[in-house]
Structure formats: C-alpha cells, structure tokens
Amino acid sequence: MSDQLTKRAEDYAQWYNDLVLKADMAEHSDVRGCMVIKPHGYAIWEKMQRALDGMFKDTGHVNAYFPLFIPKSYLAKEASHVEGFAKECAVVTHYRLKSDPEHGVVVDPEAKLEEELIVRPTSETIIWNTYRGWIKSYRDLPLLINQWANVVRWEMRTRLFLRTAEFLWQEGHTAHATKEEAVEETLRMLDVYATFAEEWLAMPVIKGVKTASERFAGAEDTYCIEAMMQDGKALQAGTSHFLGQNFAKAFDVVFTNKENRQEHVWATSWGVSTRLMGALIMTHSDDNGLVLPPKLAPVQVAIVPIAKNEEQLNALRAYVQPMLDGLRAKGITVKFDDDDKKKPGWKFAEYEFKGYPVRIAVGPRDMENGTVEVARRDTLEKQVMQATDIAEKVEHLLQAIQDNLYQKALAMRERYTRAVDTYDEFKVAIEEGGFILAHWDGTAETEARVKEETKATIRCIPLQGDTTPGACMVTGRPSKQRVIFARAY
RNA sequence: CGGGGUGUAGCGCAGCCCGGUUAGCGCACCUGGUUUGGGACCAGGGGGUCGUGUGUUCGAAUCACACCACCCCGACCA
C-alpha cells in the first residue's frame, strides 16, 4: 500500500479507479468489461443485499430465480424493449466444443442451436412469458416477485462497478389487477430505494421521473433516485418502472376479473445493482482511501494491540476481551487484530485505507490508565477514552459517523444545486458541475439540444419540491416546473 | 467503434530513440537478528514467456507490421 492514491482534485476518475483496486474491492478480469469482486468489495455488497432483501420481504415480496438464457425470439415481442437492448446482447449459438489438435478446442459446428439464446440483459421477457402460466384470475394477483441475479450488457466502455459488461443486481417484477395498484407499487419501491440509500448508504437522493428519452425500454414511466457524486456529476442509483400493460400484451398475460371479464395485467419492474458500490465509494471516500458508512461496513471496529512482546500481548488480549464481548453483545462487528506479523502502524494505514469506520488502539499505557485510543475514519480524529462502557460509547460513535456522512453528503449536494433562468447562465453553471434546476418546455427537441450543446441531460423531473410554473430557459415556452439537469455517469 | 496514451517480477518504474554477454531499481516476498503508540532497521536470498504473434537481422525488451488488454476523450448505457 506504499503506492499513493491519486488525489481527487488532481484526477477524479483516476482516484476512483485507484481506490477500487487498492482498497481491494475489485479487479479487472481477463474478459473485457468484466470484473472480479474481491472479498472486501463483496462483503459490502452482501450487506447491501441483506438490507434490501429484508425491505423487499417487509413489503410483501418473495424471491425466485429465472434462467440466465432467454430465447432470442422473446426479446422481439415487445417493440421498444428489443430496440433498447438488442445492441448489447451476448448471444449463445452453440452448445458444444470439440478438441482440435491445432487450436486446443473449437466450437463444434454440428452443435448449432435451433434457436439462439441471449444472455439476459434484464428478465422482463422470460418472466412475463412465465407469468402467463401463473396468472389466471384476480385471485392470483398481485404477484410480487424479486430475483437476485447477474445480467450481461455488452457495453462499449466499462468502469469497475459503475458500468461492467456483467453485473449483479436484483430485479423485482410484479403483476397487478389495476393500473392504480401498479403505479402505487412502482412508487412504493422507489421509496424503498430512497430509504435504503439514505439510511444505509448515507447518500441523499432525489426521487423523480425520467423524461421520455431516458425511460426504460418498454416502460410507461421510469422513476429514479439520483445522487450527486463528489465531482458534481449525477449518478442514477436505482430505478422503478411502471410498465403499464406493455409486457402483458406482448406475452398475452390476462386474468379474469371479478366481473368475469378478461383483462391484461398491469406490471412494474425495479432494480438496483452493484453500481451502488460505485455510488457508495464516490459519495464518501477521500484522499486517504475508502470511507464506509458503519451500517454497510463489513467490519465496524478494528482493535489493534500494541505490544513489545508475547507477554504484553497476552495481557492485552485479556484487557480487550470484555470489550469484544460488550461490542459483540450490541451486534457490532469487531476484528481484534493480534497478528504479530504486521506492525501497528501498518495496520492503522490498512484499516484507514479500507474504510473501517472505527479503530481502537490499545497498548501498555492504556492498560495502566484504563483507557483506549479511539480513531474515527470519517473525520480522522483520535481520542483517548476511558475503557468503561466502551461498547456503548462506540455504539454512539458509529451512529454519529453514519449521521455525519449523510449530513456531509447532503451539504455538498445543496452547495452544488442551484436554479438558473436563462440558457446563458445555464451554460456557465453546468461547467461548474452539480445539479441545475431549470425550466424546460417538455419537448424531446429541447432536451436533445441541451445535451448536444452542453453534455448535460435531464436527470429527472423531481417528485417533491418547487412546482412553480415558468418559462423554458431555452425556448421561452411554458414549463410546469423546474427539472434537474446535470452531467451524469 | 473512432482519436490519443500505456503495456518490462505481485505493485510502481528505468532501459527502447542509437539492436550486442548474465535486463536493472524502489516497494512487496523469503531467511536470520534487532524492533513494535501512524506503513521499522540491518544482513542475506528468491522471483522475468520484456502484453501476444509474425517479420527484419548473425543477434530483438530495443526496429517493422498485425493483434490483444488497460487508461483517457467521444458515441452508447444502470
């Protein structure tokens, strides 16, 4: 870890790449665009999964699993869906290899598939094809299913966690008897995502609706949570789609209602991915490395003993044991690092770089005085504390860190969010970064023009906030409310 | 996929322009000893298809061509 991390101010993109690699979260694989998620990164993802999964269960959803492979023909059944995904699908054409003296192994031309399979870029088609058999009556509804899976989108340009060819995610797919119910579900899951982002990732988000041009392929409406990264760029952290009856019609999913009439069902889908790892990193981390909110840190507290010899180390083990018991009794995850092959200074640097929220150092001086040295990662402050009630003190400290990270991120977002009224002002503001609130006439033409001229896109039409009408900053035509423009990941 | 850059030990780099014995350096690693409150020190040691392939040459890390991977900028996207 002797190599330095690039400073954020110097090169933000490089800082991010360095950090992901050096904090041991992930590395590039030999396959273009794919990554290996390493234990330190995967442990964070597992904590995200556990929290989200609980929230899904609490809102009545159950998990299931659908196949990785989708018959090519399914994709074509929903017109805008195929248009959105066709360009980035991996296709399976054969099912067998054979050994070859020259090339080791080759595709067996005899083993060509009758119908080619695509590797799922998302699962709407295969799920709705399956739902057709499950849904007959209003009594079968609502159907509230989630799956945890990997998907593949053959992206041109990839970045660790933020955009990889294969990524991990969850995708919820629900079916409802009425439009109102489906819309309600769409918004409920958007709220779940927003709550998760704010309470677990300590990342403030703005809930909004996407414009038509940013909408999911096959959706009637796409809702999103948008977060601001430390470089002022926007990152879409989660989406929830109201799919109308598009997929029900494409896959002929009908149910008999209470009046004994046949109707197409109403659908939603919603997802968050390992992209959240990127969001987490870019929201809180600093030039000293990763900073993790305590609720998602795989290990919340690292305890480092400082001993000159084995005898002293044993004394420290005894000194620390009641603290370990006390912390664990409160459900706090602790690592007591008594590995004598590494020096304390090395451990301090390591835990700091990897984002452990709290580090406790204990040495002979502490044993004499009945104290410990507590360091917090978010502020880098160190404090000597009495060891009595240390579990309680640490519990409060972890909460304080969680709160502080959220408040810091929120303050940053507010500092870099501003309203402008003219296109000239806008062009200046967008160069400075952040979220720009401006009036827009609601047309795709204006949106495209702004994107073309400034590289900024409409991140969303916020669901909450100021709804005062005005005049479009570009055309002067009437606007119902300000929308959020930003450059985005 | 277009423009630019990089590829030499696990990591970071020098050597390449101007071809010539055994390819260096720092960190990391191994052994022994001294150390241990912010990435220890001394001594010894191990580790290389020089991204891959083809070509030029008596001889290629070095020259030429092709390919691959990664990074940055664009187009596309969660």
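Chain letters run A, B, ... following the sequence lines, proteins first, then strands; residues in each count from 1.
The base of B:G37 lies outside donor-acceptor range of the side chain of A:Lys347, with no N or O pair under 3.5 Å.
The phosphate of B:C72 has OP1 or OP2 within less than 4.0 Å of a side-chain N or O from A:Asn17. The phosphate of B:C73 has OP1 or OP2 within less than 4.0 Å of a side-chain N or O from A:Arg157.
Using cut-offs of 30° and 60° for the angle between ring planes, the A:Tyr12 and A:Trp15 rings count as tilted. Using cut-offs of 30° and 60° on the angle between ring planes, the pair A:Tyr193 and A:Phe56 is perpendicular.
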Q) After noting the C-alpha distance and the side-chain angles of A:Phe167 and A:Phe161, does the key distance pass the side-chain contact (heavy atoms from CB on, under 4.5 Å) rule? A) CA-CA 8 Å; A:Phe167 56 95; A:Phe161 290 119; over 6 Å; no
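The C1' atoms of B:C72 and B:G55 are separated by 32 Å, rounded to the nearest whole Å.
Closest to the side chain of A:Pro344, from the set B:C1, B:A78, B:U36, is B:U36. Taking every side-chain heavy atom of A:Arg159 into account, B:C72 is the closest of B:G39, B:C72, B:U36. Distances from the side chain of A:His28 to the nucleotides B:G74, B:U36, B:C71 place B:C71 closest. Side-chain proximity of A:Met156 to B:C76, B:G37, B:C72: nearest is B:C76.
For the pair A:Arg359 and A:Phe348, the cation-pi criterion (under 6.0 Å, within 45° of the ring axis) is fulfilled.
Taking the nucleotide of RNA chain B with the nearest heavy atom to each of A:Arg359 and A:Glu166, the more 5' of the two is matched to A:Arg359. When each of A:Arg153 and A:Ser29 is assigned the nucleotide of RNA chain B with its nearest heavy atom, A:Ser29 is the one assigned upstream, toward the 5' end.
No engagement by A:Leu235 is indicated, since no non-hydrogen atom pair under 4.0 Å with the nucleic acid exists.
The separation between A:Glu83 atom CD and B:C76 atom P is 14 Å, rounded to whole Å.
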